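Comments concern the structure below.
This is a predicted model, so every value here is computed, not measured.
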Amino acid sequence: MTRSRFPFQTPLLNLITPALVTLLIGIVSGGCGSNDKKPGTTSDTSHGKTAAVKGADSSHPAVALPEGAAPIDSTVKFTLKLAPHVGDEYSYRVAQKGFTEFEGKKATESSVYCFTQKITGINNDGSFTTEMRYDSIASSKAVPAGVLDSVAHTFAFDTRKKVDSSIPDAAQAKALIGMRVILTISKDGEVREVSNLDPVLSALLGKLRDSVPPEKLEQVRNMLKISAFQSVVQQLFIQVYPDSAIHSGSHWSRQDETPLVLPIAAVPSRASVTYTLTEARKAGDRTFAHVKVTLATTFPQKKMDNKQVTTVINDAKATGAGDIVVDAGTGFPEQKTSNVTLYLKVTGTAKVGPAAGKSQTLSQTKSSSTVVELLNYKPAAH
């Protein structure tokens, strides 16, 4: 089975370039923050605590099944799939921490997204719609010397405080807070559509909106869809649900053929993702499943050619692991942790221009860990 998305998809943690800093209508690039607000509130200023970018590091507690839940015998089978219920509300925190290292320069980032989703409809093909709003976003980025200029920089913001409008990410994040956006999510947990973005664009661009060319406005809209919604919301779900009933000890897997993409190159790869149900427990009328995930990747192509350059892949690695506690009745997670490390080293030889025949070797490492926590669950009234 092939799929167009990487099995451990995470928002990109790129080295910041001057173009990103000065781009007025750029994207929300991985900056988020945490709070403990519950569904029903809309303002990110009503919660009094100071946000801390936490949760995506090795000190965070491991996922755990609910205390007091009774173990389910390993011979008992049950289904595990995404089965949302109209009217249910979920509040989540998605916390990330990672770094990108390029030619000895290492940029780090910690970010936390807090948002609330309400299930608004189920479609005939198994997809469903949600109304989503961001409750708070916070971020901290450290950029080494030699990237923006000759000195190191740190950029940080928290949307529950007064944000510095000179930081593009901060202004962009603030524009998202409290806005209600509609998402269509497939039965496998993939965000297919994002709508009602016009109010977000108006908040982001303000008086400048009418002067932005239509093609540029559409570009910003698409970048918002990917960076602020698709890449965040898809962190919630298992992404690969088993085709049949399972029991403790069951395994299922999939093969993905997607490129390993880093700024220096995109390299064809084959990823094998294996899921194992390690334990299941019953708490009242709810069944909770503990699933472990492993990622192994191979790179079948060692050389790539086009009219401008020949690229040789000297070394490439992509490894990852995940740990999930999921409500088997709905397919929504209670807790989830994952980590992925990507490494690529390539040598490019120019075919044309003044540099024809000259070679350059570049290497880059990207590492990211993610923690998903369910802050609050409010079932629909019956």
Side-chain angles (χ1 to χ4, degrees), residues 1-15 17 27 29-30 96 98-107 186 188-192 219 222-223 225-227 230-232 234-235 237-241 243 251-275 293-322 338-353 355-370:
M1 182 182 298
T2 61
R3 201 86 182 241
S4 61
R5 57 191 169 103
F6 198 75
F8 282 75
Q9 189 172 18
T10 58
L12 295 179
L13 302 172
N14 289 323
L15 284 173
T17 65
I27 61 172
S29 56
Q96 290 191 299
F99 71 85
T100 300
E101 186 169 2
F102 175 68
E103 296 300 295
K105 290 181 171 59
K106 187 175 183 179
S186 76
D188 297 317
E190 184 173 3
V191 178
R192 294 284 177 81
Q219 182 183 17
N222 288 334
M223 285 192 281
K225 287 180 181 179
I226 295 170
S227 298
Q230 289 180 349
S231 61
V232 176
Q234 285 175 194
Q235 299 297 318
F237 305 111
I238 283 184
Q239 299 187 3
V240 183
Y241 294 88
D243 295 330
H251 303 272
W252 65 100
S253 62
R254 77 178 313 134
Q255 306 299 316
D256 287 332
E257 295 186 6
T258 57
L260 164 62
V261 179
L262 289 174
I264 60 173
V267 178
S269 67
R270 293 173 183 166
S272 176
V273 189
T274 301
Y275 296 79
V293 193
T294 57
L295 166 69
T297 311
T298 59
F299 299 88
Q301 192 171 334
K302 304 301 181 186
K303 184 177 179 180
M304 299 180 294
D305 265 307
N306 60 36
K307 294 181 179 179
Q308 285 76 38
V309 64
T310 295
T311 303
V312 175
I313 295 89
N314 307 112
D315 195 7
K317 297 181 179 121
T319 58
S338 63
N339 62 80
V340 62
T341 299
L342 312 176
Y343 172 75
L344 186 60
K345 182 179 181 180
V346 298
T347 298
T349 304
K351 293 182 177 181
V352 297
K358 296 181 180 179
S359 298
Q360 183 179 17
T361 299
L362 299 172
S363 63
Q364 188 165 29
T365 302
K366 183 185 292 291
S367 180
S368 179
S369 63
T370 302

Practice item. Can you sort out the partners of F299 under ring pair (Phe, Tyr, Trp, His ring centres under 6.0 Å), two or more places apart, ordered by chain and number? Key: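 In terms of ring pair (Phe, Tyr, Trp, His ring centres under 6.0 Å), with neighbours along the sequence ignored, F299 is linked to no residue.
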
Review point. Are any non-hydrogen side-chain atoms of S363 and E103 less than 4.5 angstrom apart?
Key: yes

Check your understanding: Is the shortest heavy-atom distance from the side chain of T365 to the side chain of K106 under 4.5 Å?
Key -> no

Taking all heavy atoms of [X] and all of [Y], pick out the closest pair and write down the distance.
X    : Y    : result
L344 : A316 : CD1-CB, 3.8 Å
P259 : S269 : C-OG, 4.0 Å
P300 : P268 : CD-O, 3.9 Å
A271 : L295 : CB-CD1, 3.7 Å
Y241 : W252 : C-NE1, 4.0 Å

Apply side chain to side chain contact (heavy atoms under 4.5 Å, CB included) to [X] and list each qualifying residue two or more places apart in sequence or on a separate chain.
X    : value
T361 : N314, K345, T347
Q360 : L362
V191 : L183, I185, V194, Q230, V233, Q234
K317 : D315, Y343

In chain order, what residues pass the side-chain hydrogen bond (donor to acceptor under 3.5 Å, both in side chains) check against [X], with sequence neighbours excluded?
X    : value
T341 : S367
S359 : T349
S272 : Q255

Is the backbone of [Y] close enough, under 3.5 Å, to the side chain of [X] for a donor and an acceptor to pair up by distance?
X    : Y    : result
D188 : E190 : no
T297 : A318 : yes
T370 : Q96  : no

Study note, to complete from the structure: Contacts satisfying salt bridge (Lys or Arg N to Asp or Glu O under 4.0 Å) that involve residues 261-273 (not counting sequence neighbours) are none

Exercise for review: Given side-chain contact (heavy atoms from CB on, under 4.5 Å), test T100 with Q364 step by step and report yes or no.
Suggested key: CA-CA 7 Å; T100 300; Q364 188 165 29; 3.2 Å; yes

Practice item. List the steps and the verdict of side-chain contact (heavy atoms from CB on, under 4.5 Å) for M304 and I313. Key: CA-CA 8 Å; M304 299 180 294; I313 295 89; 4.0 Å; yes

Study note, to complete from the structure: Contacts of K351 meeting salt bridge (Lys or Arg N to Asp or Glu O under 4.0 Å) (sequence neighbours excluded), chain-then-number -> D305

